[in-house]
Amino acid sequence: MNLIQFMGAVELGLLYGLVAMGVLLSFRILDFPDLTVDGSFPLGGAVCAILIVSGFDPWLATFCAILAGMAAGFTTAWISVRWNILHLLASILTLTALYSINLRIMGRPNIALLGETTIFSPLEESNLHNLFTLPTAMFILATLVLLLLYRFLSSEKGLGMRATGANIRMAKAQGVSVNRQIFLGLALSNGLVALAGALYSQSQGFADLSMGPGTIIAGLAAVIMGEALFNPKVILTALMACVLGSILYRLVTAIALNMGFLGLHTQDLPLVSAVLVGIAMVTPRLRAKILDFKASRS
Amino acid sequence: MIRMTDLHVTFNRGTAMENKALRGVTLDIKKGDFVCVIGGNGAGKSTLLNALCGDIFPDTGKILIDNKDVTSLSTWQRAPYVARVFQDPMAGTCANLTIEENLALAMGRGMKRTLRMALNKDYREKFRTQLGRLKLGLENRLKDPIGMLSGGQRQAISLIMAVLQPMKIIALDEHTAALDPKTAAFILELTREIVEENHLTALMVTHSMHQALELGNRTLMLHKGRVVFDVQGEKRQGLKVSDLLELFHKASGLELDDDSLLLS
Ligand SMILES: Nc1ncnc2c1ncn2[C@@H]1O[C@H](COP(=O)(O)OP(=O)(O)O)[C@@H](O)[C@H]1O
Ligand SMILES: [Mg+2]
């Protein structure tokens with residue numbers, strides 16, 4: 001792995017760190033396993049790309065992408081809460097619908113953004129531009145989002161949202177409007193993921209329907225690897241752990257795909273991801289077993 | 001102040017498992033009343049409290065709090081009026097939130113939750129004072145996850161959480177039943193103090209007839225979803241457990257041995 005590949009993996013890791021924070025919000029904080037993400041990531045990319053090629057300001061396009069993602073999350077919440085449908089199923093419904101909707105939005109399976117003005121254009125055109133510019137921009141964005149999310153989750157509203165996921169009966173008894181928290185939480189989560197999709201299409205120079213599948217596993221991998229490695233106890237470290245987990249996930253998969261003797265190709269990425277997530281899920285249990293074993297010996 | 005009129009609650013209606021948990025309960029609770037509710041297993045005590053809190057909607061009947069009809073309000077909408085302590089210490093607090101976060105959550109009961117920070121210096125100061133009275137050393141452990149505490153400690157915190165904000169009535173459902181006898185006695189004493197100090201109106205379910213006579217000013221017995229007796233004032237003075245059994249016998253025509261109630 002050379003420096004270019006390394007920085008590329010870090011950049012992608014930071015970008016998917018936004019997805020990871022979205023997944024942390026739904027899976028962990030709200031205890032709502034939400035697969036909508038696989039659809040809201042390309043949705044963000046699609047909305048952003050079509051607006052940019054239609055001549056809109058890239059910042060406005062990015063903002064609209066966030067709104068579209070929020071609407072997707074809201075839809076899943078509505079199906080689940082209003083019609084009392086299991087969270088996973090509700091999210092699969094939205095996800096399935098998004099396959100068609102994303103194609104409708106783009107009008108074709110992919111849109112190239114080469115030569116278009118994106119939010120990254122000023123960086124690329126400046127004479128300071130080098131290998132580290134985009135990763136630095138992503139780092140700043142991810143940090144900003146992390147701090148905002150942390151601030152929100154420390155607020156009265158955010159605390160109500162955390163209680164909703166952790167003990168819904170108690171949250172209700174304390175006057176938390178739990179349904180609204182689910183709406184808000186899923187909208188935030190998918191808005192973040194759509195933002196990541198918009199940034200992805202702008203930094204990679206294209207939006208493509210195929211960028212969706214694998215988003216949820218990347219987010220989960222980041223969250224679970226972060227937990228396995230850093231064992232976070234408070235909300236701030238949980239947020240940081242999932243972003244670090246995301247960077248690590250990109251590095252490890254890049255290394256695995258680069259090891260010639262393994263004979264892996266890009267299309268083996270899902271397999272590598274599944275194995276990685278599996279290992280990360282088993283690690284805490286193995287650690288507990290080893291500790292037990294040591295304790296029983298002494 | 002709290003008026004429940006002809007409450008009926010049926011579970012699994014229209015199936016072989018149909019179960020009429022409440023069959024016409026009418027109850028008037030005055031401001032400052034401390035009502036102890038007793039009754040055998042399955043008598044409908046928890047269902048009555050759940051209906052009051054909004055966890056269960058009655059088939060028919062009305063619930064008024066301060067003349068406001070709350071029958072169709074959901075649990076969180078009734079939270080400004082009803083504070084609650086559950087039987088299960090795990091149910092009333094949030095294990096993976098810290099002690100101070102749990103208390104901060106309770107500070108928001110009945111208030112609009114905003115984007116302001118949930119915790120601040122004033123709140124922490126207030127929490128320390130409140131926890132200090134328990135003499136459990138919890139005032140120095142504000143940042144510990146509440147899951148690290150024992151059931152008794154969590155129940156004590158649940159009581160404090162209940163009174164951080166004003167309410168019309170506090171509902172306690174066998175909140176000492178899951179505790180060892182010594183801890184149960186501590187929590188019961190704490191309950192008595194807190195209710196007295198804050199002049200609360202309380203509805204407490206207990207499995208002990210002794211408690212039901214010692215505590216509060218009114219004793220009420222449920223049986224098969226109905227109120228079989230409801231004693232207060234002079235009539236309640238000097239009443240013994242054996243008198244309660246007698247009352248039950250007269251009202252229902254059934255014999256009831258002390259154990260079946262005490263154990264349930
Ligand atoms: N959620 C429920 N679903 C079905 N049946 C219930 C439910 N809750 C209570 N019941 C039934 O209603 C009756 C009254 O229960 P409950 O109010 O819990 O009694 P207790 O007086 O012991 O607290 C019991 O027969 C119980 O099995
Ligand atoms: Mg009960």
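Just so you know, these numbers use all the heavy atoms, side chains as well, and skip hydrogens, waters and symmetry mates. No experiment lies behind these values; they were computed from the predicted model shown. Convention: sequence-line order gives letters A, B, ...; per-chain numbering from 1.
Salt-bridge check for B:Asp173 with B:Arg84: failed, with every basic side-chain N at 4.0 Å or more from each acidic carboxylate O. For the pair B:Glu193 and B:Arg133, the salt-bridge criterion is met [side-chain N within less than 4.0 Å of a carboxylate O]. Salt bridge annotation for B:Asp66-B:Lys31: absent, with no cationic side-chain nitrogen under 4.0 angstrom from a carboxylate oxygen. Under the 4.0 Å criterion applied to side-chain N and carboxylate O atoms, B:Arg192 and B:Glu196 are assigned as salt-bridge partners.
For a residue to count as touching a neighbouring chain, one of its non-hydrogen atoms must lie under 4.5 Å from one of that chain's; by this rule B:Leu115 touches chain A with backbone and side chain alike. Residue contact with chain A, scored on non-hydrogen atoms closer than 4.5 Å, is absent for B:Met107. Heavy atoms closer than 4.5 Å to chain A are found in both the backbone and the side chain of B:Cys94.
Put simply, of A:Gly160, A:Ala171, A:Ala163, A:Gly158, the one with the most heavy-atom pairs under 4.5 Å next to chain B is A:Ala163. Your options are B:Thr98, B:Thr93, B:Asn102, B:Asp55, and the one with the most heavy-atom pairs under 4.5 Å with chain A is B:Thr93.
The six-membered or imidazole ring of A:Phe32 lies away from that of A:Phe27, with a centre-to-centre distance of 6.0 Å or more.
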